[in-house]
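Atoms within a ligand are numbered from 1 in the order they appear, just like the ligands themselves. Excluded from the calculations below are hydrogen atoms, water molecules and symmetry mates; all remaining heavy atoms, backbone and side chain alike, are included.
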Amino acid sequence: MLTARKRIRKAVFPVAGLGTRFLPATKAMPKEMLTVVDRPVIQHVVDEARAAGIEHFVFVTGRNKGVIEDHFDVAFELDQTLAARRKTKELEALARELPPAGCTSFTRQQTPLGLGHAVWCARDIVGDEPFALLLPDMLHHGPTPCLAGMMAAYQEAGGNHIAVSPVPEDQTHLYGIVDVENRTANVSPINGMIEKPKQGSAPSNLHITGRYILQPEIFDLLARQERGASGEIQLTDAMIAMLGHDDQPFYAVRFDGTIYDCGSKLGYLAANVAYALERDDLGSALRAELKKLL
Ligand code: G1P
């Protein structure tokens, strides 16, 4: 029998990063607003959270990110113009995607002190309840949305959950890596973690993919966290500290779809092609164009 769990209502999206890898595209535009086909990257990730039942969307932003707030608001003049032109389909699509009033919050990470610090900036908005955390660079593409699968695992076991997936051994130094009890199980207790291990020293090839369900106790640990790898306050270090507490189990939930790292040019381009190939209105025409090019 399932024990009643505290509901996961809120999701945090850290969107303060400068996006230097995409300059000059990101000089005046947030990297999260770059489009994968015709939706901004951040919209794809918010869609994933909504599909998992998230009700409140918390964005940790920074300077020059105001357009993200506009994107999740009503665009009054646009709606008026679309209505006057009888563009009902477009109007309905915009309305469908709009988060309900009062269901978005924005706070700023004033100093770029790392992912752990960005998450900590959301502490007052999240409050004393478990929450989801989604890193917008990482698009998770598969038959079951990643966070929805994690929610099911959370209902079963409670505690903290981290999505993982295997990477080639020569890439483990680029990610957080987990050590699990059972490497082939869909859900397995985590024994240890390490952020960006030196090459050859990773405890497994399972990397942290950027989707988390965390208990609110993480905020106290983040508040006390010293700077770690790259001089930044690392979320993984705070999670390692929490793993040491008897009442804070961590589980790795394997994601079996494809992950596109839209923080890298190659990942971003691949995501565009993959998502477009699946579309009824674009797939076959794009396939023909690609054949010409290759
Ligand atoms: C962050 C996390 C890391 C995780 C990665 C996924 O690293 O610290 O554990 O594997 O996201 O993208 P970053 O990409 O910010 O260096």
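Just one of R123, R9, R5, K6 meets the salt bridge (Lys or Arg N to Asp or Glu O under 4.0 Å) condition when paired with E129; it is R9. A ring pair (Phe, Tyr, Trp, His ring centres under 6.0 Å) with F131 holds for exactly one of F13, F219, Y154, Y212; it is F219.
Those atoms of ligand 1 that come under 4.0 Å of a heavy atom in T236, given as number and element, are 9 (O). Taking every heavy atom of G176 and a limit of under 4.0 angstrom, the matching atoms of ligand 1 come to 3 (C), 4 (C), 9 (O), 10 (O). Taking every non-hydrogen atom of M138 and a distance limit under 4.0 Å, the qualifying atoms of ligand 1 come out as 12 (O).
When ring centroids are compared, Y275 and H44 come within the 6.0 Å threshold. Aromatic ring centroids of F72 and F106 lie 6.0 Å or more apart. Aromatic ring centres of F250 and H161: separated by at least 6.0 Å.
Note: Y268 and F22 have perpendicular aromatic rings, judged against thresholds of 30 and 60 degrees for the angle between ring planes.
The shortest contact between atom 14 (O) of ligand 1 and any protein heavy atom is with K196 NZ, 4.6 Å. Of the protein's heavy atoms, I208 O, 3.4 Å lies nearest to atom 4 (C) of ligand 1. Summary of contacts: the protein heavy atom closest to atom 8 (O) of ligand 1 is E195 OE2, 2.8 Å.
Remark: distances from the non-hydrogen atoms of L235 to ligand 1 are all 4.0 Å or more. Using a 4.0 Å heavy-atom cutoff, H207 is absent from the residues neighbouring ligand 1.
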- Task: Just do the side-chain contact (heavy atoms from CB on, under 4.5 Å) check on M150 and R211 with the steps written out, would you?
- Result: CA-CA 9 Å; M150 296 174 73; R211 300 291 182 271; 3.5 Å; yes

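Counting protein heavy atoms under 4.0 angstrom from atom 11 (O) of ligand 1 gives one or more.
Of all the heavy atoms of L135, the ones lying under 4.0 Å from any atom of ligand 1 belong exclusively to the side chain.
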